[in-house]
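The structure appears right after this line, and notes come after that.
Start at 1 with the first residue, then count along the sequence. First listed ligand is number 1; within each ligand, the first listed atom is number 1.
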Amino acid sequence: MDLGFTGASAVVVGGTRGIGYATAVCLAREGCRLGIVGRDESRVSETARALRAAGSPDVLELAADTTSAAAVDAVFDQVRGRWGALNALINTVGPAGAGRLEDLTDAAWATTVDQAAISAIRCVRAALPLLRHAEWARIVHVTAMSVQRQSPGLIAYTAAKSALLSATKNLARTLAPDGILVNAVAPGPILTDWARPVLASAGIAEQDPAAAFQLLQKGHGMSVDLGRFGLPEEVATVIAFCASHANSFMTGAHLNVDGGSDFL
Ligand SMILES: NC(=O)c1ccc[n+]([C@@H]2O[C@H](COP(=O)([O-])OP(=O)(O)OC[C@H]3O[C@@H](n4cnc5c(N)ncnc54)[C@H](OP(=O)(O)O)[C@@H]3O)[C@@H](O)[C@H]2O)c1
């Protein structure tokens, strides 16, 4: 299937590691021009080299912290200067944010909401003139499976992701007259950097996603019908479709990429 990324442009916010990185690689292989946002400048450069090698004809290195409005504005100023328009905005930045009610101060809540929801909204606001200027445009947000199945240890994280989901659905309606399609993808447990120390401390090899999942199931009562962690690439392909020209009639959707779960 041709996703229609040849000649298109996309910004992947949080594109230097994990799910965002896997999404950027997926789009690079499709011939998409890419802007990559992350805080660590050297990692942004390293990622840009990998994306050029994977097939992207033009990669913009956009080192920035999305919790700063000025930095986000500067990112999309650079995109405007280089491309003048933007086909896809993919927001994958999320908070560290684990903790129970008693563990979290007001400041911790505010940080979590900023990283999970306001950062993404800030990027949408700054990118909107460019998205409106493109022949076709899509926005994709990354929420989490916990939005639909509460875990006491993720109270602020989940509330903040729920805010992002609500904004996603609102934006889908708001931007439909502009032909901008807005969707959210909800991953289950995915083997990215957060999981590595947890697995290492339990003596579990990260090459063994099934054993890794047993640990999560025991500790957090998580339900995943396929019985294993997912891999970033398995979420990336779904995000790529949502962000593509080939997605022409889905907006306001919340897609589970969680290996199957017990919520209805
Ligand atoms: N992995 C999972 O199991 C899982 C499950 C459900 C939902 N999710 C959600 O999926 C998304 C991606 O998760 P992941 O595990 O792939 O994350 P990850 O491996 O930690 O990667 C996060 C990416 O975002 C960048 N980033 C973080 N904070 C940023 C900021 N303030 N400004 C700019 N860039 C920032 C990071 O680069 P720098 O650190 O250099 O800035 C990195 O490129 C998150 O929203 C997460 O909540 C993940």
Side-chain angles (χ1 to χ4, degrees), residues 11-26 34-48 50-51 61-72 74-76 89-98 111-123 126 140-149 151 153-154 156-165 168 184-199 206 209 212-213 215-216 219-220 222 224 228-236 238-239 254-259 261:
V11 170
V12 184
V13 185
T16 60
R17 287 187 283 122
I19 293 168
Y21 177 79
T23 302
V25 170
C26 193
L34 286 163
I36 295 300
V37 180
R39 290 165 300 187
D40 181 332
E41 209 169 327
S42 61
R43 205 186 283 268
V44 170
S45 297
E46 199 182 306
T47 301
L51 296 175
E61 299 178 22
L62 303 165
D65 184 337
T66 57
T67 61
S68 155
V72 167
V75 159
F76 290 98
L89 171 66
I90 300 165
N91 281 314
T92 75
V93 167
T111 301
T112 302
V113 171
D114 194 356
Q115 290 173 339
I118 304 176
S119 277
I121 297 307
R122 212 171 263 134
C123 290
V140 187
H141 290 153
V142 178
T143 60
M145 145 198 226
S146 60
V147 165
Q148 296 176 88
R149 193 176 199 278
S151 166
L154 291 173
Y157 175 92
T158 301
K161 289 287 190 182
S162 300
L164 179 61
L165 176 60
T168 304
V185 170
I190 307 299
L191 203 42
T192 60
D193 284 355
W194 74 270
R196 293 192 171 97
V198 179
L199 299 181
E206 61 181 68
F213 174 66
L215 181 72
L216 266 194
H220 297 276
M222 265 194 183
V224 173
R228 64 170 175 85
F229 264 69
L231 301 175
E233 299 74 27
E234 294 176 301
V235 186
V238 178
I239 295 175
H254 192 209
L255 303 176
N256 302 330
V257 187
D258 59 7
S261 51

Heavy-atom closest contact (Gln115 atom, Pro95 atom, distance):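 Heavy atoms of Gln115 and Pro95 come nearest at OE1-CA, 3.3 Å.
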
With heavy atoms under 4.0 Å as the rule, classify the contact between [X] and ligand 1 as side chain, backbone, both or neither.
X: Lys161; result: side chain
X: Trp194; result: side chain
X: Val44; result: neither

Is any side-chain heavy atom of [X] less than 4.5 Å from a side-chain heavy atom of [Y]?
X: Glu234; Y: Ile190; result: no
X: Leu199; Y: Leu191; result: yes
X: Leu51; Y: Val25; result: yes
X: Thr192; Y: Tyr21; result: no
X: Pro189; Y: Met145; result: yes
X: Arg17; Y: Pro232; result: no
X: His254; Y: Val147; result: yes
X: Val44; Y: Leu62; result: no

For [atom], closest protein heavy-atom neighbour:
atom: atom 29 (C) of ligand 1; result: Arg39 NE, 3.4 Å
atom: atom 35 (C) of ligand 1; result: Val93 CG2, 3.5 Å
atom: atom 33 (C) of ligand 1; result: Ala64 O, 3.2 Å
atom: atom 22 (C) of ligand 1; result: Arg17 NH2, 4.4 Å
atom: atom 10 (O) of ligand 1; result: Val142 CG1, 3.2 Å

Taking N or O atoms only and a 3.5 Å limit, does [X] qualify as a polar contact for ligand 1?
X: Thr67; value: no
X: Pro187; value: no
X: Thr66; value: yes
X: Ile19; value: yes
X: Asp193; value: no

Check: Thr66 main-chain N/O paired with Ser119 side-chain donor or acceptor under 3.5 Å: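 Yes, the answer is positive, given that a donor and an acceptor are paired below the 3.5 Å cut-off.
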
Main-chain N/O of Thr158 paired with Ser146 side-chain donor or acceptor, under 3.5 Å: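 No, because the side chain of Ser146 does not come within donor-acceptor range (under 3.5 Å) of the backbone of Thr158.
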
[options]: member with heavy atom nearest to [atom]:
atom: atom 11 (C) of ligand 1; options: Ile36, Val12, Thr92; value: Thr92
atom: atom 25 (C) of ligand 1; options: Gly188, Gly14, Gly230; value: Gly14
atom: atom 42 (C) of ligand 1; options: Thr192, Leu191, Thr16; value: Thr16

Residue [X] vicinity, atoms of ligand 1 by number, heavy atom under 4.0 Å:
X: Gly94; result: 44 (C), 45 (O), 47 (O)
X: Asp40; result: 40 (O)
X: Tyr157; result: 6 (C), 7 (C), 8 (N), 9 (C), 46 (C), 47 (O)
X: Ile190; result: 1 (N), 2 (C), 3 (O)
X: Pro189; result: 3 (O)
X: Asp65; result: 30 (C), 31 (N), 32 (N)
X: Gly18; result: 16 (O), 19 (O)

Any protein heavy atom nearer than 4.0 Å to atom 17 (O) of ligand 1: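 Neighbour list for atom 17 (O) of ligand 1 is empty of protein heavy atoms (cut-off 4.0 Å).
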
Donor on one side chain, acceptor on other, Gln148 and Asn256, under 3.5 Å: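 Asn256 and Gln148 do have a side-chain donor-acceptor pair below 3.5 Å.
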
Working for side-chain contact (heavy atoms from CB on, under 4.5 Å), residues Ile90 and Ile239: CA-CA 8 Å; Ile90 300 165; Ile239 295 175; 3.7 Å; yes

Enclosure of Glu41 CD (heavy-atom neighbours >12, cutoff 6.0 Å):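 Counting neighbours around CD of Glu41, 12 or fewer heavy atoms of other residues, nucleotides or ligands fall under 6.0 Å, so no.
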
